[in-house]
Amino acid sequence: MTVTELVWNQIKISEREVSLAKVLRCGQAFRWKNIDGIWSCALANRVVFLRQVPEGIFYSSLGGTEDSTLAFLEDYLQLSVSAKALYEQWSQVDAHFLKKQQDLQGIRILRQDPWECLVSFICSSNNNVKRISQMCDNLCIHYGDYVASYNGTKYFTFPPPAKLVAPSIEAELRALGFGYRAKYIEKTALLVHLSSTGVADLHALRAADYDTARAALLQFTGVGPKVADCVALMALDKHGVVPVDTHVYQIAKRDYKFKGKGETVTPQINKAVGDFFRDLWGEYAGWAHSVLFTAELKDLGNGVNVKAGEAVKSTKVKKEETFEALTATIRADTRLIAEC
DNA sequence: ACTCCCAGGGGTAAG
DNA sequence: CTTACCCCTGGGAGT
């Protein structure tokens with residue numbers, strides 16, 4: 001293993017605008033690792049490293065230039081949108097939001113790659129964040145391209161459709177623990193691969209209206225209303241879409257006196273709840289939904305924050321330990337900055 | 001404490 | 001409009 005010095009640059013931004021600990025762990029993206037308080041993920045053909053201090057976010061990368069990493073982050077984190085301003089807006093129209101938002105600052109929607117987002121959320125059905133993360137990791141390790149290593153961790157790209165079209169894919173994915181989703185991924189990869197422009201078709205849906213994008217997404221096996229809405233919101237710029245699952249439905253009934261009978265989210269319920277929140281929160285309703293949804297998560301760490309040398313798998317990290325490791329690193333960072 | 005058992009989980013496709 | 005689906009985990013019952 002080689003020791004690599006990372007060169008860090010800073011984006012000056014408050015935790016009220018971006019909270020990496022929340023954004024990267026609230027069930028939008030599933031591949032970010034947190035090792036000794038440093039966030040890392042192979043994205044855009046490089047390994048991106050991030051760490052947050054009160055003054056801002058330090059970023060670094062292995063592969064790719066500094067300028068392009070900054071450009072990538074501005075796009076990925078959607079820094080042109082002010083979460084703080086949106087929070088203020090939602091707080092004015094929604095008393096419940098106002099009450100809840102205090103501990104939930106800095107949550108925003110990531111602008112993810114449509115293909116990765118699609119596959120990730122196919123994996124999310126009837127599943128939990130921890131296992132979804134494992135599945136996404138497995139996809140990269142077994143089918144992605146090697147990018148670089150850092151501190152003993154190897155980083156791989158998220159595999160494009162072409163890497164997932166072998167006839168044996170379903171069996172392989174099943175062996176890797178994907179369960180019935182193995183077939184969904186195989187079929188979806190094949191469909192995208194065979195389309196004239198491949199993933200470009202998915203990217204083009206960013207410019208399409210919501211109904212068009214949704215209809216296109218529903219064509220894929222393993223994609224129903226909920227998954228389609230997640231992809232529309234988190235990869236296709238459909239900021240007003242509120243993905244409605246059982247959990248969101250419960251929130252609507254419990255906290256907003258939304259009247260709906262039954263526990264299951266039928267297509268009608270899906271639409272009614274979505275319309276209800278869009279009506280309340282406006283153009284960026286999907287972003288607001290993410291804030292309140294995060295409030296319901298029991299453990300934001302989801303057991304996937306690790307210390308160097310520890311395997312992600314089979315490791316249970318106590319919340320307190322993780323927190324102390326994180327704050328210790330942040331303090332050390334702050335000292336370093338002060339000395340500079 | 002440890003094991004066994006069993007529901008249920010941020011949905012979807014198929015009957 | 002029900003039901004099965006892969007796998008993992010948490011809680012409860014029992015050792």
Side-chain angles (χ1 to χ4, degrees), chain A residues 22-30 104 107 109-110 112 117-139 169-188 190-191 214-235 241-255 258 260-271 273-274 277 286-304 311-319:
Chain A
K22 297 191 188 77
V23 173
L24 268 23
R25 280 287 182 267
C26 70
Q28 294 184 53
F30 303 95
L104 298 167
I107 295 171
I109 296 293
L110 264 15
Q112 300 189 67
C117 193
L118 176 61
V119 175
S120 302
F121 279 93
I122 286 175
C123 293
S124 78
S125 78
N126 218 328
N127 210 345
N128 55 66
V129 175
K130 190 175 177 183
R131 181 148 82 116
I132 301 166
S133 301
Q134 278 179 26
M135 290 158 85
C136 291
D137 272 347
N138 270 145
L139 237 28
I169 284 293
E170 186 192 343
E172 290 171 26
L173 292 180
R174 273 187 177 273
L176 287 172
F178 281 70
Y180 59 84
R181 302 162 197 86
K183 183 182 287 183
Y184 297 165
I185 292 173
E186 181 199 59
K187 288 191 164 189
T188 298
L190 198 58
L191 202 54
R214 177 187 155 97
L217 291 168
L218 289 173
Q219 299 287 99
F220 297 108
T221 312
V223 178
K226 197 295 191 154
V227 171
D229 281 350
C230 282
V231 178
L233 171 66
M234 301 176 193
V241 175
V242 178
V244 180
D245 50 37
T246 56
H247 218 148
V248 170
Y249 181 35
Q250 298 310 318
I251 294 173
K253 287 195 291 189
R254 186 193 68 197
D255 299 333
F258 179 88
K261 51 184 177 186
E263 297 294 296
T264 45
V265 178
T266 63
Q268 292 93 323
I269 301 256
N270 180 292
K271 186 177 184 336
V273 173
F277 281 126
W287 292 48
H289 131 278
S290 181
V291 175
L292 287 189
F293 189 88
T294 304
E296 302 300 314
L297 290 179
K298 286 193 180 74
D299 176 14
L300 261 183
N302 283 302
V304 286
V312 174
K313 227 184 193 174
S314 78
T315 307
K316 279 194 179 176
V317 181
K318 286 185 198 158
K319 242 197 245 174

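Just so it is clear, the model here is predicted, and its values are computed rather than measured. Residue numbers begin at 1 in each chain, while the letters A, B, ... track the order of the sequences.
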*Report the C-alpha distance between A/Y184 and A/F220 in whole Å, list the side-chain angles of each, state the deciding distance to 0.1 Å, and finish with yes or no for side chain to side chain contact (heavy atoms under 4.5 Å, CB included).*
CA-CA 8 Å; A/Y184 297 165; A/F220 297 108; over 6 Å; no
_Sequence-distant partners of A/A182, side-chain contact (heavy atoms from CB on, under 4.5 Å), two or more places apart_ = A/E170, A/L173, A/R174, A/F178
*Please measure how far the P atom in B/dA13 lies from the corresponding atom in C/dC8, and state the result in whole Å.*
23 Å
*What residues, two or more places apart in sequence or in another chain, satisfy salt bridge (Lys or Arg N to Asp or Glu O under 4.0 Å) together with A/K271?*
A/D275
*Below 4.0 angstrom from OP1 or OP2 of C/dT9, is there any side-chain N or O of A/R131?*
no
*asked:* Applying a 4.0 Å non-hydrogen cut-off, can you work out what A/P243 is touching in the nucleic acid: base, sugar-phosphate, or nothing?
replied: nothing
*Would you please confirm or rule out a distance under 4.0 Å between OP1 or OP2 of C/dT9 and any side-chain N or O of A/K130?*
yes
_Using the C1' atom as the point on both nucleotides, what is the distance between B/dG8 and C/dT3, in whole Å?_
15 Å
_First of A/G222 and A/H247 reached from the 5' end of DNA chain B, by closest nucleotide_ = A/H247
*To the nearest Å, how far apart are A/Y180 OH and C/dT3 P?*
17 Å
*Residues in side-chain contact (heavy atoms from CB on, under 4.5 Å) with A/T246, at least two apart?*
A/V265
*Got a sec, which residues hit side chain to side chain donor-acceptor pair (under 3.5 Å) with A/N270, two or more places apart in sequence or on another chain?*
none
*Among B/dG10, B/dG9, B/dA13, find the nucleotide with the atom closest to the side chain of A/T221.*
B/dA13
*Integer-rounded Å distance: C/dT9 P and A/N127 CG*: 11 Å
_Quick check: do A/L110 and A/C117 have side-chain heavy atoms less than 4.5 Å from each other?_
no
*Atom NZ of A/K183 to atom P of C/dC5: distance rounded to whole Å?*
12 Å
*Heavy atoms under 4.0 Å, any strand shown: does A/V248 hit a base, just sugar-phosphate, or nothing?*
nothing
*Hey, is the side chain of A/R181 pairing donor to acceptor with the base of C/dC6 inside 3.5 Å?*
yes
*What stem regions, each of at least 3 consecutive Watson-Crick or G-U pairs below 3.5 Å, can be found for DNA chain B?*
B:1-9 with C:7-15, B:11-15 with C:1-5
*Considering only heavy atoms from C-beta outward, does the side chain of A/V242 approach that of A/V273 to under 4.5 Å?*
no
*Would you kindly check whether a donor in the side chain of A/Y249 faces an acceptor in the base of B/dG10, or vice versa, at under 3.5 angstrom?*
no
*B/dG10, B/dG9, C/dT9: which one has an atom nearest the side-chain heavy atoms of A/F121?*
B/dG10
_Whole-Å gap separating C1' (B/dG10) and CE (A/M135)_ = 14 Å
*Closest to the A/N126 side chain, choosing from B/dT12, B/dG10, C/dC5*: C/dC5
*Please name all residues satisfying salt bridge (Lys or Arg N to Asp or Glu O under 4.0 Å) with A/K253, sequence neighbours left out, ordered by chain then number.*
A/E263
_Short side-chain to backbone donor-acceptor contact, A/R181 and A/S125, under 3.5 Å_ = yes
*So what does A/V223 touch, heavy atoms closer than 4.0 Å: a base, only the sugar-phosphate, or nothing?*
sugar-phosphate
*Would you indicate which nucleotide in B/dT12, B/dA13, B/dG9 comes nearest to any side-chain atom of A/N128?*
B/dG9
*Measure the distance from CD on A/E170 to C1' on B/dA13 and round it to the nearest whole Å.*
14 Å
*Please state how far atom CG in A/L233 lies from atom P in B/dG10, giving the value in whole angstrom units.*
18 Å
*Which is true for A/S124 with a 4.0 Å heavy-atom rule: it touches a base, it touches only sugar-phosphate, or it touches nothing?*
nothing
*When the P atoms of B/dG10 and C/dC1 are considered, how many whole Å apart are they?*
23 Å
_Atom-pair distance (CG on A/D245; C1' on B/dT12), nearest Å_ = 14 Å
*Would you kindly give the CD-to-P distance between A/E263 and C/dT2, to the nearest whole Å?*
13 Å
